[in-house]
Amino acid sequence: MTSIRTRFAPAPTGYLHLGGARTALFSWLYAKHTNGKFILRIEDTDRERSKDEYTDAILKSMEWLGLDWDEGPFYQSERNDRYLEEIDKLLEAGDAYRCFCTVEELEQKRKDAQKRGEKPKYDGKCRDLNLAESKEPFVVRFKTPKTGATQFIDLIKGKISFDNSELDDLIIRRTNGSPTYNLTVVIDDSDMKMTHVIRGDDHINNTPRQIVMFKALGLEIPKFAHVPMIFGADQKKLSKRHGALSVTEYRDAGFLPNAVVNYLVRLGWSYGDQEIFSTDELIDKFDIVNVGKSAGVFNPEKMEWLNSHYIKNTDSINLASNVLPFIEELGYKVENKEWLATAIDTLKERAKTLKELAVQGEFYFKDDIDYDEKAAKKFLTEDVIKPFELLLESLKSLKSWDEEAIEAVFTKVLDDTGLKLGKVAQPVRVALTGGTVSPGIFEVIHVIGRERVIDRIKKAIEYVESG
RNA sequence: GUCCCCAUCGUCUAGCCUGGCCUAGGAUACCGGCCUUUCACGCCGGCGACAGGGGUUCAAAUCCCCUUGGGGACGCCA
C-alpha cells in the first residue's frame with residue numbers, strides 16, 4: 001500500500017484564520033495518524049491579491065500551532081511552465097479551446113441568466129468553433145462533458161453526485177496567460193502525488209470540475225474529504241465581521257497553541273466524550289470517519305475554558321517564557337524567570353489567557369502600588385494600624401520566608417489582637433496589591449518578598465495616618 | 001433563482017452505519033450550593049435537545065420519503 005499524502009494549500013490572500021487552521025490541522029493529523037506525509041503548498045496564482053506578508057504570516061501561524069510539513073512549501077507561482085504544458089496538451093487533444101468572449105459580454109449573459117432564474121454559466125459560444133490563436137485577447141476553457149454525471153465518494157459526506165450539465169466550461173488560462181485554480185490544483189495534486197485531498201466543504205462544487213479534468217488528463221483521482229465550515233454566532237461562514245479570526249490574533253491575546261488546537265479539533269470531530277487531548281493522543285486517535293458532516297459554530301467561551309485548562313496544567317517555569325511578552329507589553333521588566341514562575345504559580349488558577357494573567361499579576365511587577373479608591377476607603381482605616389505594626393515587627397525578623405511561617409505570623413497577630421483573619425487579610429491585600437482581589441494572601445506575601453512587603457505595609461500605615 | 005450539502009440541549013458533541021441497553025450521555029455557558037482570607041480553582045446539584053409530518057417495524061433519535069429551516073457554490077478568486 002502506498003503511504004498517505006495530504007496537503008494544506010492556502011492562498012496567501014489573508015492571514016491564517018480559524019477555519020483554515022482547522023482544515024490544516026485535520027489534514028496534518030490524518031497524515032501523522034497514518035504515518036504519511038503532509039505537504040504545504042502556497043496557491044499564489046492570483047498575483048494581484050497574493051502577498052508575501054500573508055505567506056509569512058501563514059507559515060508562522062502553522063509553526064506556532066505545531067503543524068510542521070514534510071515537503072514544501074511549494075509555490076504555484078514557480079510552476080507556471082508546468083501548467084502551461086498541460087494546457088497545451090488539453091488544447092491539442094481537443095479537451096480545451098480558445099474563447100474570445102469579452103468580460104462585458106459574459107457579465108451581461110450572467111445577468112440575463114439570473115433574471116431568467118437559471119444558474120449563470122458559460123453558454124459555450126466558442127466551444128465548437130476551434131478558434132486559432134490571434135492578436136485578440138483570449139482565454140482557454142476546459143471542455144466539460146455535457147451529458148452524464150460526475151460523482152465521488154466523499155470521506156466525510158458520503159456519495160455526492162453532479163449532473164455534468166450543471167458544470168460549464170471553466171476558464172483554465174486567463175487572458176494574461178496565467179493558469180487558474182481548478183487547473184493548477186489538479187496538476188499539483190497529481191504531481192505531488194496526493195492520496196487524500198482534505199479541504200473546506202466550500203470546495204465541494206469544485207470537485208466535479210476537477211474530477212473531469214483529472215480524467216481528461218489521464219491522471220489518478222485522489223480521495224476527497226470535505227470538512228464542514230466554521231460559522232460565527234450568526235450561523236454564517238466565519239469572516240472578518242465576527243471579530244478576532246486569525247491565529248496570530250489569538251496568540252497575541254494570550255492563548256496557548258495547545259488550547260487552540262484542542263478547541264479546533266473538537267469542533268467537528270469527537271472521540272466519545274473526551275474533551276482534552278494531547279497532541280500525541282490526537283495523532284493516535286484522529287480519524288476522518290469521526291469527523292461530523294455539519295457545520296459548527298465557533299464558541300469563544302469554550303476555547304477560553306480550554307485555554308485556562310492548559311494554563312493551569314502547564315509548568316509555571318515553561319509558562320514563564322510565554323507570559324513574559326505580555327508583562328513587557330504592560331511596561332515591566334522581569335529578569336528572574338525562577339521568581340516569575342513562583343508568581344505564575346499563584347496566578348494560573350485564575351487566568352483564562354496569558355494576557356489576563358499578566359494583568360492580574362501586575363502588582364508583582366510594579367514598584368509603586370496605587371490603591372483602588374473604594375478598596376482603600378473600606379479597608380485602610382485606623383483599625384489596621386495596630387495589626388499592621390505587629391505584622392511588620394514579626395515579618396522583619398521572620399527566619400524562613402515561606403508561606404507556612406508567614407501564616408504562623410498571621411495566626412499570632414490574630415491571637416494578640418482578637419481579630420478575625422478576614423479583618424486583617426483584606427487590608428493587607430489592599431496594602432500589597434492595591435485591590436481586594438488577588439491570590440491567597442500568604443502566597444502573595446511570599447512572592448512579593450520581604451523587603452517590598454515591609455515597604456508596602458509601611459506605606460499603607462503612612463497612608464492611613466495622613467488620612 | 002439554480003445546483004450541492006447539512007439538521008440531537010444556547011453552543012460543541014455522544015448515541016445513528018449494525019433499530020430495543022435512551023427515562024437521550026458528556027462538555028461549555030448559565031443558575032444554585034459546598035469549600036474559603038478576597039477572587040478564582042475544585043466538588044455537588046439544577047436548567048436545557050432528537051425541526052415537523054408521513055411511512056417501515058412488535059419497537060425509530062437511529063431506516064425510507066416529503067416538508068420546513070439553515071448553509072455553501074454559482075468569478076479571467078482560491
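Chain naming here is simple, since letters A, B, ... match the order of the sequence lines and numbering starts at 1 in each. The model shown is predicted, which means the values in this text are computed figures rather than measured ones.
Whole-Å rounding puts the A/Asp273 CG to B/rG25 P distance at 11 Å. Taking atom CZ of residue A/Arg209 and atom C1' of nucleotide B/rC74, one finds them 8 Å apart after rounding to whole Å. Summarising the geometry, the separation between CG on A/Leu183 and P on B/rG75 is reported as 18 Å, rounded to the nearest angstrom. For the pair A/Phe277 CZ and B/rA27 P, the interatomic distance rounds to 14 Å; values are reported in whole Å. Rounded to whole Å, atom C1' of B/rC30 lies 16 Å from atom CH2 of A/Trp305. B/rU37 atom P lies 15 Å from atom CD of A/Glu403, rounded to whole Å.
Note on A/Arg110: a side-chain N or O is less than 4.0 Å away from OP1 or OP2 of B/rG75. Side-chain N/O atoms of A/Thr180 include none lying less than 4.0 angstrom from OP1 or OP2 on B/rC76. Taking 4.0 angstrom as the limit, A/Arg174 places a side-chain polar atom (N or O) nearer than this to OP1 or OP2 of B/rA78. For A/Lys157, no side-chain nitrogen or oxygen approaches OP1 or OP2 of B/rC5 to under 4.0 Å. Note on A/Ser294: every side-chain N or O is 4.0 Å or more away from OP1 and OP2 of B/rC5.
Side-chain N/O atoms of A/Arg266 and base N/O atoms of B/rU13 include no donor-acceptor pair closer than 3.5 Å. At a cut-off of 3.5 angstrom, counting only N and O atoms as typed in the model, there is a donor on one side and an acceptor on the other between the side-chain of A/Asn206 and the base of B/rA78. No hydrogens or angles were tested; on distance alone, a donor-acceptor pair under 3.5 Å links the side chain of A/Glu275 to the base of B/rG26. Side-chain atoms of A/Arg49 and base atoms of B/rC77 include a donor and an acceptor less than 3.5 Å apart.
Across all strands shown, A/His226 has no heavy atoms under 4.0 Å from either base or sugar-phosphate atoms. Among the protein residues, A/Lys312 comes within range of the sugar-phosphate backbone only, with heavy atoms under 4.0 Å from sugar or phosphate atoms but none that close to a base. Among the heavy atoms of the strands lying under 4.0 Å from A/Val103 is at least one base atom, whether or not backbone atoms are also near. A/Ser270 comes within 4.0 angstrom of the backbone, heavy atoms only, and of no base. Here A/Ser308 lies out of heavy-atom contact (under 4.0 Å) with every strand. Among the protein residues, A/Leu421 comes within range of the nucleic acid bases, having at least one heavy atom under 4.0 Å from a base atom. Residue A/Pro10 is out of contact with every strand shown, counting any heavy-atom pair closer than 4.0 Å. Nucleic acid contact for A/Ala11: sugar-phosphate only, since backbone atoms but no base atoms lie under 4.0 Å from a heavy atom of the residue. Using a 4.0 Å heavy-atom cutoff across all strands shown, A/Phe410 reaches no nucleic acid atom at all. As judged by a 4.0 angstrom heavy-atom cut-off over every strand, A/Ile441 is placed among the base-contacting residues. In this structure, A/Ser178 reaches neither bases nor backbone, as no heavy-atom distance under 4.0 Å exists between it and the strands shown. Nucleic acid contact for A/Cys101: base, since at least one base atom lies under 4.0 Å from a heavy atom of the residue. Among the atoms of the strands shown, base atoms are found under 4.0 Å from some heavy atom of A/Gly440. Within 4.0 Å of A/Tyr181, counting heavy atoms only, lies at least one base atom of the nucleic acid.
The partner of B/rC22 is absent, by the rule that a Watson-Crick or G-U pair needs both atom distances under 3.5 Å. Under the Watson-Crick and G-U wobble criteria, each requiring two contacts below 3.5 Å, nucleotide B/rC4 is paired to B/rG71. Of all nucleotides present, none satisfies the Watson-Crick or G-U wobble test against B/rU56 with each distance under 3.5 Å. Partner assigned to B/rC30 is B/rG46, using Watson-Crick or G-U wobble distances below 3.5 angstrom. A 3.5 Å limit on both hydrogen-bonding distances identifies no Watson-Crick or G-U partner for B/rC16.
By the 30° and 60° cut-offs, the orientation of the rings of A/Phe410 relative to A/Phe442 is perpendicular.
A/Thr207 and A/His226 share a donor-acceptor pair across their side chains, judged by distance under 3.5 Å alone.
Panel note: side chain A/Asn164, backbone A/Thr144; no donor-acceptor pair is recorded below 3.5 Å. Between the A/Gln360 side chain and the A/Leu357 main chain, no donor and acceptor come within less than 3.5 Å of each other. Under the 3.5 Å distance criterion, the side-chain polar atoms of A/Arg173 are left unmatched by any main-chain donor or acceptor of A/Asp88.
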Using the rule given for salt bridge (charged side-chain N to carboxylate O under 4.0 Å, His left out), can you reason through A/Lys109 versus A/Asp112, listing the C-alpha separation, both sets of side-chain angles and the distance that settles it, and then say yes or no?
CA-CA 5 Å; A/Lys109 280 179 182 168; A/Asp112 293 348; over 6 Å; no

Criterion side chain to side chain donor-acceptor pair (under 3.5 Å) on A/Thr346 and A/Tyr364, from CA distance to verdict:
CA-CA 11 Å; A/Thr346 73; A/Tyr364 282 136; 2.8 Å; yes

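Across B/rC39 and B/rA51, the matching P atoms stand 42 Å from one another, rounded to whole Å. For the C1' atom pair drawn from B/rC50 and B/rC30, the interatomic distance equals 22 Å after rounding to whole Å. Taking atom P in both B/rA24 and B/rU62, one finds a spacing of 16 Å when rounded to whole Å. Nucleotides B/rU23 and B/rU2, compared at atom C1', are 46 Å apart to the nearest Å. Look at the C1' atom in both B/rC41 and B/rA78: the space between them is 46 Å, to the nearest Å. On the C1' atoms, B/rG19 is 11 Å away from B/rU56, given to the nearest whole Å.
Nearest nucleotide to the A/Arg429 side chain, out of B/rU38, B/rA73, B/rC74: B/rU38.
Cation-pi geometry between A/Arg141 and A/Tyr122 is met: under 6.0 angstrom from the ring centre, within 45 degrees of the axis.
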